[in-house]
J.: 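First, the structure itself, so that you have it in front of you.
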Protein chains: 2
Amino acid sequence: MPLSHKVFVSAAEVARKAGVSRSAVSRAFTPGASISGETRQRVMQAAEELGYHVNHLARGLMRNESGIVCLIVSDVATPYRSALLRELTQQLQTAGKVAMLVNTDRSDGSVDRALSQAIRYRADASIILSGLPDKSITQLCLRNGQRLVLINRDDDQPGPLRINLDDHEAAGRVVTAFVRAGCTRLAFASSEAGTPSLMAREAGFIAAAKSHGLDVIVERYGWTGYEAGKVVAHRLLTRTQRPDAVFCATDLLACGFMDAARHQFSISIPEQLCVVGFDDIEQSSWSSYQLTTFAQPVAAIAQEAVTWLANGSSGELDGRSVKLHADLIWRDSVRGG
Amino acid sequence: MPLSHKVFVSAAEVARKAGVSRSAVSRAFTPGASISGETRQRVMQAAEELGYHVNHLARGLMRNESGIVCLIVSDVATPYRSALLRELTQQLQTAGKVAMLVNTDRSDGSVDRALSQAIRYRADASIILSGLPDKSITQLCLRNGQRLVLINRDDDQPGPLRINLDDHEAAGRVVTAFVRAGCTRLAFASSEAGTPSLMAREAGFIAAAKSHGLDVIVERYGWTGYEAGKVVAHRLLTRTQRPDAVFCATDLLACGFMDAARHQFSISIPEQLCVVGFDDIEQSSWSSYQLTTFAQPVAAIAQEAVTWLANGSSGELDGRSVKLHADLIWRDSVRGG
DNA sequence: TTGTAAGCGTTATCAG
DNA sequence: CTGATAACGCTTACAA
């Protein structure tokens, strides 16, 4: 138990030292407040000497605005997730907010518990990168004036800001690329996670293939990571009719897939097999992979979220649905780029 | 500007609905408080129905303990950093704390600004993963009862908990491995970041080499990442006396180094060149690299930090220095593992 | 522009 | 075990 006998210096002490009232101190630290330059100077100097910092807990209590934005995410250590996280925290900071990071696992109610945490700390908003909250808790947040951003969750509840990519359409472009490269035996490599983005990519790929008169072999395994890519590669590449083009739902999966294809099956990419991924993680640009893939517009996603948060809520249900474009980055894993 | 006309439900409302006093509500939500099972029931039900959540801003104000721990870090999107971040946030959460994430850049005073943020939110502690704070602000934190953890910063200020690895000694083990593999032309590949860990690895490597009567070629470039590894590889591998063993200060650097060596210089690893890295990021275990490297004991680091925080401060200067061991993970980038 | 005073939602203290 | 009351550190009418 921390005894912590009242250690932080308070505005009252600064006021006393500066010879002004507490309100003056408060005003000195409030951007647009009506205070004379001279008193502000005096206050600031006293604050400096005493090492005073405004208590944002108390300020948040009064203003009914904590400045905290809660980031709810699982698998933080994953390249795409951590890139998005970096972008989000940075933009949040420059917007004068502070990020609270809550890790979720894939267990039931994990996101709901995270949102409760956000409510307890009276976060101004929560940004959800993983999982989907229960409808009831979403309502609770909204009712309490806590704003919600759903990234790549493809939900249709009104209220939250929903930021999504054009996964379906992007997947169609993969088919075009494969067909142009002369591929005919298409496969889709994915995981069993079944997230909206994964489903959309799969559906879009299959639909576009069908319009070209082509079938798609779909293989899914485990969680969307490197290892899953290897497993799926084994399943796909030991078939009698081996595919000559595979769209991997994720770059991480694609890396595992390529490694297995090359090192265990001695298949050369793109000569014998074309591969496309999704996310454009850093590793995709490494010489060992040079993966053709779609770029997650992380900066744009973060900007969309942060500017929406910066503009105060205009009504109860000010949530919109934003669809962002994923650019195809051509590298060397598909013939005829 | 959010109008947010007092939306969150307060303890008073719960008290009224449950027909008890506010204190009863408070007690119902305080683990070891003296309250009868029956009233707790009544309170909890009313709270449930109203959607009440304890306001941690107010609680923190009273208890003088916010439950917030501030994580100060740059380059969050980097594999090793994000892995440590995941571990830290998870363990913090299970310890009942909540993580506040503050991103720093490499500019001057960046860490100090981050610490100010931590102070404003009255964080119970700050964990610093990058950079080093100014001595004055460190003192300010300590004086205010805010605890400090420095990870891999190798500082000697009293007060904070300092968690470091045995970098120097580990680097010595690399030399042994290289010598055993029959290597004689040693090189050290690093960046210009000049962090304590990097310096320790370099010094340890050179010292151990000298004790074997060997010289070390040192090459440093830019910031510690994949690209730097490629640049350093170019410099090292175009020498007339090409090294036959290189210790890379970081796995990310090693990946870039290996890719350049193999794809641009057609050097085979480990036959013609032995490589060792540091960190054991996920990519090091991928088939394309199979890098022999040192494992950062991220779980142990996080545990050390969290348990120290959990045990309340026993005095002003309760900081200790902890030295953790980095295990050498043998893979295929060194001959004769 | 400034000071006074009220109030934000809690918890701690102290009677009962 | 329970309820009133006084803090906690701040902001913000309101009045001067």
Side-chain angles (χ1 to χ4, degrees), chain A residues 1-43 47 50-67 119-123 144-145, chain B residues 1-43 47 50-68 119-124 144-145:
Chain A
M1 299 295 132
L3 296 178
S4 48
H5 7 264
K6 184 169 165 285
V7 274
F8 287 93
V9 25
S10 74
E13 304 175 50
V14 176
R16 191 149 37 81
K17 173 147 196 161
V20 294
S21 71
R22 332 189 166 92
S23 359
V25 179
S26 177
R27 282 190 268 260
F29 284 93
T30 304
S34 88
I35 184 175
S36 77
E38 198 216 352
T39 29
R40 160 165 271 145
Q41 280 281 320
R42 285 239 301 281
V43 171
L50 260 44
Y52 168 76
H53 290 257
V54 178
N55 186 334
H56 273 53
L57 266 38
R59 168 178 279 187
L61 201 54
M62 269 306 297
R63 291 211 183 147
N64 212 13
E65 195 182 359
S66 62
I119 292 180
R120 281 195 288 272
Y121 278 95
R122 297 304 188 257
N144 285 343
Chain B
M1 302 295 132
L3 297 178
S4 47
H5 8 263
K6 183 168 165 287
V7 273
F8 287 92
V9 23
S10 76
E13 304 175 50
V14 177
R16 190 149 38 81
K17 174 145 194 160
V20 294
S21 71
R22 322 184 171 95
S23 343
V25 178
S26 177
R27 281 191 271 261
F29 285 93
T30 305
S34 88
I35 184 175
S36 76
E38 198 215 355
T39 29
R40 162 165 271 144
Q41 280 282 321
R42 285 238 303 280
V43 171
L50 259 43
Y52 168 76
H53 290 256
V54 178
N55 186 335
H56 273 54
L57 265 39
R59 169 178 279 186
L61 199 55
M62 267 307 296
R63 289 208 183 150
N64 212 12
E65 195 183 0
S66 62
I68 297 173
I119 292 180
R120 280 195 287 272
Y121 278 95
R122 298 303 189 258
D124 297 335
N144 284 342

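Chain letters run A, B, ... following the sequence lines, proteins first, then strands; residues in each count from 1.
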J.: Run the side chain to side chain donor-acceptor pair (under 3.5 Å) test against A/Arg16 and tell me which residues pass, sequence neighbours left out.
T.: none
J.: For A/Ser10 and D/dG9, is the shortest distance between a side-chain N/O and OP1 or OP2 below 4.0 Å?
T.: no
J.: What bend angle does the helix from C/dT1-D/dA16 to C/dG16-D/dC1 show across its length, from five-pair end axes and to the nearest 10 degrees?
T.: 30°
J.: What residues form a ring-ring contact (aromatic ring centres under 6.0 Å, His included) with B/His56, not counting sequence neighbours?
T.: A/Tyr121
J.: Show me the protein contacts with nucleotides 2-4 of chain C, counting only N or O atoms at under 3.5 Å.
T.:
unit_1: C/dT2; atom_1: OP1; unit_2: A/Ser36; atom_2: OG; d: 3.1
unit_1: C/dT2; atom_1: OP1; unit_2: A/Thr39; atom_2: OG1; d: 3.2
unit_1: C/dT2; atom_1: OP2; unit_2: A/Ser36; atom_2: N; d: 3.0
unit_1: C/dT2; atom_1: OP2; unit_2: A/Ser36; atom_2: OG; d: 3.4
unit_1: C/dT2; atom_1: OP2; unit_2: A/Thr39; atom_2: OG1; d: 2.8
unit_1: C/dG3; atom_1: OP2; unit_2: A/Ser21; atom_2: N; d: 3.2
unit_1: C/dG3; atom_1: OP2; unit_2: A/Ser21; atom_2: OG; d: 3.1
unit_1: C/dG3; atom_1: N7; unit_2: A/Arg27; atom_2: NH2; d: 2.7
unit_1: C/dT4; atom_1: O4; unit_2: A/Ser23; atom_2: OG; d: 3.2

J.: Which heavy atom in B/Ala58 sits nearest to a heavy atom in A/Leu61, and how many Å separate them?
T.: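 For B/Ala58 and A/Leu61, the tightest heavy-atom pair comes out as CB-CD1, 3.8 Å.
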J.: Using a 3.5 Å cut-off and no angle test, enumerate the donor-acceptor pairs between side-chain atoms of residues 25-35 of chain B and protein atoms at least two apart in sequence or in another chain.
T.:
unit_1: B/Thr30; atom_1: OG1; unit_2: B/Ser26; atom_2: O; d: 2.8

J.: Distance check needed: C/dT11 C1' versus A/Leu61 CG, whole Å only.
T.: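 It works out to 13 Å between those atoms.
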J.: Given atom CZ of B/Arg120 and atom C1' of D/dT11, what is their separation to the nearest angstrom?
T.: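 Rounded to whole Å, this separation is 17 Å.
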J.: Would a distance-only check, ignoring hydrogens and angles, find a side-chain to backbone donor-acceptor pair under 3.5 Å from B/Arg120 to A/His53?
T.: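 Answer holds: no.
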J.: Taking side chain to side chain donor-acceptor pair (under 3.5 Å) as the test, write out the residues that go with A/Ser36, two or more places apart.
T.: A/Thr39
J.: Checking all strands, does A/Phe29 fall into the base, sugar-phosphate, or nothing category for heavy-atom contacts under 4.0 angstrom?
T.: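 No contact.
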J.: When you check the phosphate oxygens OP1 and OP2 of C/dT10, does a side-chain N or O of A/Tyr121 lie under 4.0 Å from one of them?
T.: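 For C/dT10, OP1/OP2 do not have a side-chain N/O of A/Tyr121 under 4.0 Å.
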J.: Can you check the B/Asn55 CG to D/dC8 P distance for me, whole Å?
T.: 18 Å
J.: What is the separation between atom CE on B/Met62 and atom P on C/dC8, rounded to the nearest whole Å?
T.: 17 Å
J.: Please check: side-chain N/O of A/Arg122 versus main-chain N/O of A/Ile119, any donor-acceptor pairing under 3.5 Å?
T.: yes
J.: Give the minimum heavy-atom separation between A/Val14 and A/Val43, together with the two atoms involved.
T.: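 Smallest heavy-atom distance, with atoms named: CG1-O, 3.9 Å.
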J.: C/dT10 phosphate, OP1 or OP2: any side-chain N/O from B/Ser26 under 4.0 angstrom?
T.: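 So the side chain of B/Ser26 is outside the cut-off, no N or O lying under 4.0 Å from OP1 or OP2 of C/dT10.
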J.: From CG of A/Leu57 over to P of C/dT11, roughly how many Å is that when rounded to an integer?
T.: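 To the nearest whole Å, that distance equals 13 Å.
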J.: Please report the closest heavy-atom contact between B/Ala123 and B/Ser66, naming both atoms and the distance.
T.: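 Nearest pair, atom of B/Ala123 first, then B/Ser66: CA-OG, 3.6 Å.
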J.: When the distance from CZ of B/Arg63 to C1' of C/dT10 is rounded to whole Å, what number comes out?
T.: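 My rounded result for the distance is 9 Å.
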J.: If I take atom CZ in residue B/Arg59 and atom C1' in nucleotide D/dG9, what distance separates them, rounded to the nearest angstrom?
T.: 18 Å
J.: CZ of B/Arg16 versus C1' of D/dG3: gap in Å, rounded?
T.: 17 Å
